Number of protein chains: 2
Amino acid sequence: MDELDQILLMALREDATQSYAALGRLAGLSAGAAHERVRKLRERGVIRRTTIDVDPAAVGRPVLSFVLIEANAWMGEEPVHAALRAIPELEEAHVIAGSASLLVKIRTGTTEALQDVLRRLFAIEGVSGTQTIVVLETVFEGAGGPPAPSGH
Amino acid sequence: MDELDQILLMALREDATQSYAALGRLAGLSAGAAHERVRKLRERGVIRRTTIDVDPAAVGRPVLSFVLIEANAWMGEEPVHAALRAIPELEEAHVIAGSASLLVKIRTGTTEALQDVLRRLFAIEGVSGTQTIVVLETVFEGAGGPPAPSGH
DNA sequence: CCTGAAAGGGCAAGCAC
DNA sequence: GTGCTTGCCCTTTCAGG
């Protein structure tokens with residue numbers, strides 16, 4: 001994980017379709033060397049996968065919200081995790097420190113659909129309350145960080 | 001945006017490196033037709049970009065936190081947005097409804113580094129307070145949704 | 001880590017059905 | 001949308017330095 005790997009990761013986050021030749025140019029490496037480094041980054045799990053960034057509004061989920069979940073039981077166990085995974089509107093779920101127990105990120109088509117997700121969250125054993133934060137506008141949100149502060 | 005497009009998007013989220021032949025097989029299309037649909041999805045902006053999913057811990061940012069920012073001024077304007085963008089530890093920033101004004105997602109190497117980010121947030125004009133939520137464990141967090149509930 | 005070369009595969013464009 | 005063809009670039013893997 002030296003500086004060259006950092007450059008490669010940054011470049012791939014911006015565009016994972018570019019060729020190893022282009023990546024090599026950015027890092028000052030040959031295409032072969034760039035390819036070898038990226039292969040090792042995948043192997044080590046630094047790069048988990050190659051994926052696409054989908055516009056949520058374009059697929060009918062313009063409403064973004066975060067929900068703090070309070071619980072009267074420990075929420076760090078597998079049955080709870082499985083229940084969370086079963087809700088497709090959840091984009092993220094975290095066990096947190098603080099007055100609440102969980103924080104989840106939710107995308108729905110409408111606020112009515114959000115309400116239905118909340119209903120399903122309340123159905124999970126141990127959940128005693130929720131606090132919903134509705135997003136009015138997303139300033140930025142991307143594949144790991146604000147758009148390249150001094151990247152290229 | 002019919003059902004076939006949905007299948008293609010789902011498959012690409014899981015693995016954007018797979019061939020159009022494989023995508024076509026999943027959707028019941030030829031490689032050429034699959035390619036054409038994906039090309040149009042990119043063109044329309046439904047697919048914003050192809051990117052990689054990097055393990056935050058592997059790049060020295062194991063500490064994840066969310067911060068609710070209170071402000072005594074409207075935070076929806078561009079100077080504020082620019083100030084947020086200038087903080088590389090911020091992974092997301094949202095203008096929200098509710099008692100706080102902004103919600104940001106932060107990744108740092110240590111809690112000391114988090115403290116320094118908070119200091120920089122306080123330096124933004126209009127910021128009057130913060131409430132920090134530290135993540136103990138991430139249950140899931142991926143490219144758009146829990147790992148394929150009934151996907152394949 | 002670089003160069004070079006050979007081999008394979010996927011992508012793009014065009015056209016007929 | 002399918003099936004096919006042609007050309008091109010990139011990837012992959014080998015060699016050797």
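None of the values given here were measured: they were computed from a predicted structure. Every chain is numbered from 1 and lettered A, B, ... according to where its sequence line falls, protein lines coming before strand lines.
At least one donor-acceptor pair under 3.5 Å links the side chain of B:S30 to the backbone N or O of B:A33.
Remark: P of D:dC10 and CG of A:L23 are 12 Å apart, rounded to the nearest angstrom. Atom pair B:K40:NZ and D:dG1:C1' shows a separation of 10 Å (rounding to whole Å applied). In this entry the distance linking CG of A:D15 with P of D:dC10 reads 13 Å, nearest Å. Protein atom CG of B:L29 is 14 Å distant from nucleotide atom C1' of D:dG3, rounded to whole Å. One atom, CD of A:Q18, and another, C1' of D:dC9, lie 15 Å apart when rounded to the nearest Å. In this structure, the CD atom of A:E3 is 17 Å from the C1' atom of C:dC1, given to the nearest Å. Summarising the geometry, the separation between CZ on A:R25 and C1' on D:dC9 is reported as 12 Å, rounded to the nearest angstrom. Rounded to a whole Å, the CG atom of A:D2 is 7 Å from the P atom of C:dC1.
Checking D:dT11, C:dC2, C:dC11 against every side-chain atom of A:Y20, the shortest atom distance belongs to D:dT11. Closest approach to the B:S30 side chain among C:dC1, C:dT3, D:dG3 is made by D:dG3 (side chain taken as heavy atoms from C-beta onward). Of the candidate nucleotides C:dC1, D:dG3, D:dC10, D:dC10 has the atom nearest to the side chain of A:S19.
Two rings, from A:F66 and B:H94, have their centers less than 6.0 Å apart.
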Mind running salt bridge (Lys or Arg N to Asp or Glu O under 4.0 Å) on B:E141 and B:K105 for me, showing each step along the way?
CA-CA 13 Å; B:E141 174 189 30; B:K105 183 176 180 182; 2.7 Å; yes

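Proximity of A:R39 to the phosphate of D:dT11: no side-chain N or O atom is located under 4.0 Å from OP1 or OP2.
A distance of 8.5 Å separates CG in B:N72 from CD in B:E125, rounded to the nearest 0.5 Å.
As judged by a 4.0 angstrom heavy-atom cut-off over every strand, A:G28 is placed among residues touching the sugar-phosphate backbone only.
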